[in-house]
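Convention: sequence-line order gives letters A, B, ...; per-chain numbering from 1. Predicted model only: the values in this text are computed from it and were never measured.
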Protein chains: 2
Amino acid sequence: MQNILFDFISRYVDLNEDEKNALIELDIFKSFKKGTVLLEQGQKSSDGYFVLEGCLRTYYVIDGEEKTTAFYTELEGITPHCVLTKEPSEYYVTCVEDCILSVANPDMEVEIFTKFPKFEKMCMVLSEELLVKQQIDFDAFKTSSPEQRYLNLLEKRPDLIQRVPQHQLASFLGITPQSLSRLRARLQKKR
Amino acid sequence: MQNILFDFISRYVDLNEDEKNALIELDIFKSFKKGTVLLEQGQKSSDGYFVLEGCLRTYYVIDGEEKTTAFYTELEGITPHCVLTKEPSEYYVTCVEDCILSVANPDMEVEIFTKFPKFEKMCMVLSEELLVKQQIDFDAFKTSSPEQRYLNLLEKRPDLIQRVPQHQLASFLGITPQSLSRLRARLQKKR
DNA sequence: TTCATTTCTTAACTTAAGTTAACTTCTTAC
DNA sequence: GTAAGAAGTTAACTTAAGTTAAGAAATGAA
C-alpha cells in the first residue's frame, strides 16, 4: 500500500530508504468504511487526508440540504480549511467508498519537514499545482452551463459518474438532482 | 507608493532597512493606463502582478464573447497560469482602471528568496491563504443562485459593483448582462 | 428474503435565465 | 460639441432550471 504513496511522491522528489522508512514509521495509513464521517460541520480538526484508495466527499448542509462541493479520489489530497483557520469546520468530509487514506497533521509535517527538507519543497510545488488546477476548474464552472459542466465531467472524470450517487453529483454541478436527471434524459435523446 | 507594499508585507514578516532597499532596487513599481492589456490569450509570459492601486481583470474569449472570471484589486496578487505552466495563456489580463502594479518574474523571486529567505516563507503563507479563500469562493458560487451571488458580492466586495462595468460583472457572476439587469430591477422592486 | 429507506426518474407547474432585438444612456475620440 | 461606438435597459419569446409530488428502482439492515 505504501508503494502507491511512494510512486506518487517520486513524481516530485527522489526518496532514499531512510526517508521511506521515516514515512512508514509515522504510521499514517488508515482504513475507513464507506459512509464514515471524517469531519463534521462545527467541529475542529488538524488532520489532512491523502487518498490512496477510495473517494472522499465534502459537503455543506444549507437549509437542511446537503450541498456537495468536491470529491477527492486516488492520489488527491485534502486539507480542510479548519486545519488552517483553526476555526470550526463549515463543512463535512465523508467516505463515499471504503477508503485507504494517509492521515497527517501539522505536527507530523513539522517533524518530517525538519528531518527531510525536500518534502517541504514538494508540498510547495503541490500546492502551487493545486492552486492552478482549482482556478481553472472555477473558471470552467463559471463560463459553462449545467449541461456543459456535465459533459465536461464525463470527459475529465468519467469515473466519478460511475462511483458517486447522482444526487451528490448534481449539487457538485450546481443543480438539483431532478435537473440532472432531466439533463441526462435530454442528452440521451439527442444521440 | 512603496509604503503600501511594505505595510502589506509587514502583516506577514518584519522587514529591516536592507530588505526594504533590496526590494526597491528591484524597481518593480510600474504604472499602467486603464485598458492596458498586460497579457493576451495565446501569449507566453513570466510576469506576476501585485495590485497597489487600481483593478485588474482576467477574461477568456469563448465563441467571440468575453467571459470575465476574476477581478484583482488593492493588495491582491495574480500569477497567471501560464507563468507556472510555461504554456500560452488561456486568458487575457487587463487594467479595468489606471493601475500601479508591482511586477515580478520568477528570476527576481529566486534572487530575493536567496538573499532573504523570509520572503519564501511569506509566499508560502500567502499561497496557502489564497487556496483556502479560493476554495471557499468556489463553494459559495456552486451552492448559490445568481441572485444570491449578486447579493453576496454586494456584501463582500461592494466596491467592485461601483468600479466595474456591469457586463463584466455579469459574466463574473456566471450570467448574461441582460439577466443581471433584470435581476437588479427585480431586487429594486422588492424593497 | 423482506421491509424500510434512500435514490432516481418522471411529470406538471412556476420561475428565472438565455436570446434577440430595439431603444436609451453614457463615453470618448475627434 | 458632436458623432460613433459601447454599455445598459427593457421587452417578447424560448429554453431550461427550481419546486412539488408521485411512483419506480435500488440499497441495506433485520
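For A:R186, a side-chain nitrogen or oxygen approaches OP1 or OP2 of D:dA17 to under 4.0 Å. Using a 4.0 Å cut-off, no side-chain N or O of A:R184 falls inside it from OP1 or OP2 of C:dC8. Contact annotation: B:S179 does not reach the phosphate of C:dA17 (side-chain N/O to OP1 or OP2, under 4.0 Å).
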What side-chain donor-acceptor pairs closer than 3.5 Å can you find for residues 76-84 of chain B, not counting sequence neighbours?
{"from": "B:E76", "atom 1": "OE1", "to": "B:T73", "atom 2": "N", "distance (Å)": "2.9"}
{"from": "B:E76", "atom 1": "OE1", "to": "B:R157", "atom 2": "NH2", "distance (Å)": "3.4"}

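Applying the 3.5 Å distance criterion, the base of C:dG18 shares a donor-acceptor pair with the side chain of B:R182.
For the helix from C:dT1-D:dA30 to C:dC30-D:dG1, the rotation axes defined at the first and last 5 base pairs enclose an angle of 60°, given to the nearest 10°.
Look at CZ on A:R149: it is 12 Å from C1' on C:dA17, rounded to the nearest Å. As a whole-Å value, the separation of A:Y150 OH from D:dA17 C1' is 17 Å. A:E66 has its CD atom 12 Å from the C1' atom of C:dT6, to the nearest Å. In this structure, B:E65 atom CD and C:dG18 atom P are separated by 11 Å, rounded to whole Å. The interatomic distance linking A:E97 (CD) with D:dT27 (C1') rounds to 16 Å, in whole Å. Between the P atom of D:dG18 and the CG atom of A:L183 lies a distance of 10 Å, rounded to the nearest Å. A:E147 places its CD atom 13 Å from the C1' atom of C:dG18, with the value rounded to the nearest Å.
With sequence neighbours excluded, the residues forming a salt bridge (Lys or Arg N to Asp or Glu O under 4.0 Å) with B:K133 are B:D137, listed by chain and number. Applying the ring pair (Phe, Tyr, Trp, His ring centres under 6.0 Å) rule to B:F119 yields no partners; only residues at least two apart in sequence or on another chain are considered. Scored by the ring pair (Phe, Tyr, Trp, His ring centres under 6.0 Å) test, B:F71 finds B:F172 as partners (sequence neighbours excluded). Every residue two or more places apart in sequence or in another chain was checked for a salt bridge (Lys or Arg N to Asp or Glu O under 4.0 Å) with A:K34, and none qualifies. Residues passing the ring pair (Phe, Tyr, Trp, His ring centres under 6.0 Å) test with B:F29, sequence neighbours excluded: none.
The side-chain tip of A:R149 points at the ring of A:F141 from less than 6.0 angstrom away and within 45° of straight on. The side-chain tip of A:K115 does not point at the ring of A:F113 from less than 6.0 angstrom away and within 45° of straight on.
Residues of residues 157-177 of chain A having a heavy atom closer than 4.0 Å to DNA chain C, listed by number: A:P165, A:Q166, A:H167.
The stretch residues 88-113 of chain A participates, sequence neighbours left out, in these side chain to side chain donor-acceptor pair (under 3.5 Å) pairs: A:E97-A:R163. Applying the side chain to side chain donor-acceptor pair (under 3.5 Å) test to pairs two or more places apart or on separate chains, those with a residue in residues 52-68 of chain B are A:D139-B:Y60, B:R57-B:E66, B:R57-B:T68, B:R57-B:Q168, B:T58-B:T69.
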Problem set entry | Nucleotide-resolved protein contact map, nucleotides 20-30 of chain C, B/S/- at heavy-atom distance under 4.0 Å | BB------S--

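Through direct or indirect side-chain contacts shorter than 4.5 Å among Ile, Leu, Val, Met, Phe, Trp and Tyr, A:M124 is connected to B:M124.
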